[in-house]
Amino acid sequence: MPGDIGLTQISGTTGKLIRFGQWLNGNGFADYEHAFLVLPDERLLEAEPGGANVKPLSAYDDSNVVYTCPDGMTDEQRGAVCEASGRYIGVEYSFLDFLAIATHRVHLPVPGLRRYVASTKHMICSQLVDQCYQDAGVHLFADRRWSGYVTPGALHTLLAGSGEGAADAAHDEAARDDKRRGARRAA
């Protein structure tokens, strides 16, 4: 259905590297390394090397795909998510975003990291999907995470998995971040 999020596996070395990167980010070893957005007319938008592009939904006919979306999505919200997607066609893919997300996860103090992760000039697949939802006014994560701080595994845990575990883990991480900031201000 338009506005749904498709989550699927990537085989080979690339899939293993993404799965490892998600593990580093606290998303476990869930076997969902790719996310895409379902569009009207049996199409999809996905971020991939070479830039985000639209292709037929049938491209995943032979794949194990979980289709999901937040509970209670209205037709208007779905339409807004799909409309927002047009802004990101051609946006460059960036494997460095996985490294930036991991850097944030381990709390390395890198100047400009938050701005880099939040940038919409380069995105991994899950950032692209999450950004389309944000642009439509639908915030998938209610845990005060940085904009762009999302992996396919986090989307799966939130929407197709238990959901509560992702929110709890991210809330715990946000609380740790708040505590660190408070300690730095007090110093």
Rounded distance [0.5 Å steps], CG in Leu39 versus CG in Leu57
9.0 Å
Is there a path from Val65 to Val129 through hydrophobic residues (I, L, V, M, F, W, Y) whose side chains come within less than 4.5 Å of each other?
no
Within the structure provided, determine whether Leu159 and Cys69 are in side-chain contact (heavy-atom separation under 4.5 Å).
no
Give the C-alpha distance, both sets of side-chain angles, the deciding distance and a yes or no for side chain to side chain contact (heavy atoms under 4.5 Å, CB included) between Asp4 and Thr68.
CA-CA 5 Å; Asp4 276 357; Thr68 187; over 6 Å; no
Cluster check Met123, Phe141: I/L/V/M/F/W/Y, side chain < 4.5 angstrom
yes
Smallest separation among heavy atoms of Ala154 and Arg145, with atom names
CB-NH1, 4.2 Å
Give me the ring orientation class for Tyr67 and Phe36: parallel if the planes are under 30° apart, tilted from 30 to 60°, perpendicular past 60°.
perpendicular
As an exercise, state the distance from CD of Glu46 to CG of Leu128, rounded to the nearest 0.5 Å.
9.5 Å
Can you name the nearest heavy-atom pair linking Leu45 to Ile89, along with the distance?
CD1-CG1, 4.0 Å
Under 3.5 Å, is there a donor-acceptor pair linking the side chains of Tyr88 and Gln127?
no
Minimum heavy-atom separation for Gln77 and Gly72, please, with both atom names.
OE1-O, 3.8 Å
Val91 and Arg87 have their tightest heavy-atom pair at CG2-O, 4.5 Å
Please tell me whether Leu158 and Met73 are part of a single hydrophobic cluster in this structure, the criterion being side-chain heavy atoms less than 4.5 Å apart.
yes
Restricting to non-hydrogen atoms, name the atom on Ile5 and the atom on Ala35 that form the minimum distance, rounded to 0.1 Å.
CG2-CB, 4.5 Å
Side-chain ion pair, Glu83 and Arg78, N-O less than 4.0 Å
no
Roughly how far, to the nearest 0.5 Å, is CD of Glu48 from NZ of Lys55?
4.0 Å
Does Leu37 reach the side chain of Leu44, with side-chain heavy atoms less than 4.5 Å apart?
no
Please check if the number of heavy atoms outside Asp62 that lie under 6.0 Å from its CG is greater than 12.
no
Nearest 0.5 Å please: distance from the CG atom of Leu7 over to the OG atom of Ser63.
12.5 Å
Which atoms form the tightest heavy-atom contact between Cys82 and Val38, and what is the distance?
SG-O, 3.6 Å
